[in-house]
Amino acid sequence: MDLGRFKLGYGKINPLIFDDHTKIQLGTLLSKIQSLRGMNDLKPGESATWQYLESTISDVIERYGYQEIRFPILEKTELFKRSIGEVTDIVEKEMYTFNDRNDESVTLRPEGTAVCVRACEQHGLLHNQTQRLWYTGPMFRYEKPQKGRLRQFHQIGVETFGIAGPDIDAELLLMTARFWAALGISKAVQLEINSIGSLESRAQYKAALVEYLGERESELDEDSQRRLSTNPLRILDSKDPTTQSLLEGAPSILDFLDDQSQAHFEQLKALLEAANISYKVNPRLVRGLDYYNNTVFEWVTTDLGAQGTVCAGGRYDGLTSQLGGKPVPAVGFAMGVERLVLLLDTLGVVPDGISQQADAYVVAVGNVTVPAMMLAEELREQCPGLRVFMHCGAGNFKSQLKKADKSGAHVAVILGENEVEQGVVGLKYLRDDREQETLSRVDLIDALKAL
Ligand code: ATP
Ligand code: MG
């Protein structure tokens, strides 16, 4: 394309004077389209760790008798405003909210709990019954992207409904501990728990906290100053170091618990101790969402820097009524998949066996495309555990063998015109010091099964 006439730069180009093909080329010259900030692609080599993580965790969840639920990514904005709370980071500044073509305000889900409750209510799943559910998928929050903090991230979440006692809280914590054991990261994560009591006991605590922080208002960070009147408990969750150090001397929520909340918390601790799960009580642990009561917990790691919470949850008995339904006791948690993947990578605990490499590579030389493809299919049929790559796109023997080697395959299965004529195949071991063999189909299959 001759751009000589447009020496003054791209700004001077009038795209209307080009035909479509030239316009596309120009578009390529001007800018390449990139993904949105904080929204990552998962490149092919990276998906093995994700698959390992997802399958290990879902296996454990299902062994506890939980069922998967799937729900949409886009919901009415009102759902999140009413559940998460107007004065939370998520609703105030992190949601992807826009009007759809019908001028209805919709939001890309920032979390799964509210959606799970909405779906269960909608389908009558909470009426006189218990539910043990789990889900996985992307969540969206407009945050400042950094290590372990993205705008599109993924969660695996578990929610239970209809069970009020500390036994189910403990079950969830036992389940999470089993995840870490199955993944081989138990030593890298610590459990922190707290009780934020009932609505009434929390109101009394809030008054005491506001009194304490009110006397030190000028020293608080800007968000916390504002929250002193709107949502003071959230100040406990502030990441500002000065505010955090002021909180050292603040009254503890645990001194304000009503008898029932106190008993619930004691029983939970006893269950954890009986199961040998070590934990730390952190009286300043509150969650970043408004709907929790009694038990709250986080699994944290020091191996990931600032974004150390890999799993977080708690009890939310008030949420269903907040969303217009009957009160249903509920407790759940969500895990950040990216953070867990980072942790697995940091600790180097992903087993080698989960590689996505080939086991056998079919090399097809000459005019043998049809029999070679049929051979590859036959191998997949007869050897179900075997990953068979078929060479596509011609090429001489040497270049195909190079590709076979690069694929990571253990063996190359070689088919040329001679082999087709004689009804045999070549088998070349790519990783062992062994002679190339010529085998019948039956012997080939036996040899591959023995790999
Ligand atoms: P944080 O304090 O790190 O902002 P949060 O309290 O906002 O977390 P939750 O809403 O409880 O997080 O979500 C549960 C889990 O999801 C978190 O513990 C974390 O592992 C993960 N998570 C939350 N936000 C993000 C994000 N923007 N990017 C990646 N993972 C996230
Ligand atoms: Mg957050």
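Just so you know, ligand 1 is whichever comes first in the structure, and atom 1 is the first atom listed for that ligand.
- Using modelled atom types, one side-chain atom of Arg109 and one backbone atom of Pro72 make a donor-acceptor pair closer than 3.5 Å.
- Sorted by first and then second residue, the pairs that involve residues 54-80 and meet ring-ring contact (aromatic ring centres under 6.0 Å, His included), not counting sequence neighbours, are Phe71-Tyr135.
- In this structure, Arg387 fails the cation-pi test against Phe389, since its NZ or CZ atom is not both closer than 6.0 Å to the six-membered ring centre and inside 45 degrees of the ring normal.
- Counting the atoms of ligand 1 from 1 in the order shown, those under 4.0 Å from a heavy atom of Ala334 are 14 (C), 15 (C).
- Salt bridge absent: Arg234 and Glu92 never bring a charged side-chain N and a carboxylate O closer than 4.0 Å.
- Using 4.0 Å as the threshold, Arg141 has a heavy atom nearer than that to some atom of ligand 1.
- Ligand 1 is never approached by Gln307 to a heavy-atom distance shorter than 4.0 Å.
- With 3.5 Å as the limit, one finds no donor-acceptor pair spanning the side chains of Gln322 and Ser83.
- Contact annotation for Val310 and ligand 1: only backbone heavy atoms (N, CA, C, O) come within less than 4.0 Å of the ligand.
- Between Lys93 and Asp89 there is a salt bridge, since a side-chain N of the basic residue sits under 4.0 Å from a carboxylate O of the acidic one.
- Heavy-atom proximity to Ala312, at under 4.0 Å, picks out these atoms of ligand 1: 11 (O), 18 (O).
- Not a single heavy atom of Glu111 sits less than 4.0 Å from an atom of ligand 1.
- Scanning Arg151, Arg149, Gln152 for the heavy atom closest to atom 4 (O) of ligand 1 points to Arg149.
- Residue contacts with ligand 1: Phe153 is placed with no nitrogen or oxygen under 3.5 Å of a nitrogen or oxygen of the ligand (distance criterion only).
- For ligand 1, the atoms sitting less than 4.0 Å from at least one non-hydrogen atom of Lys239 are 1 (P), 2 (O), 4 (O), numbered in the order shown with element in parentheses.
- Side-chain atoms of Asp169 and Thr295 include a donor-acceptor pair closer than 3.5 Å.
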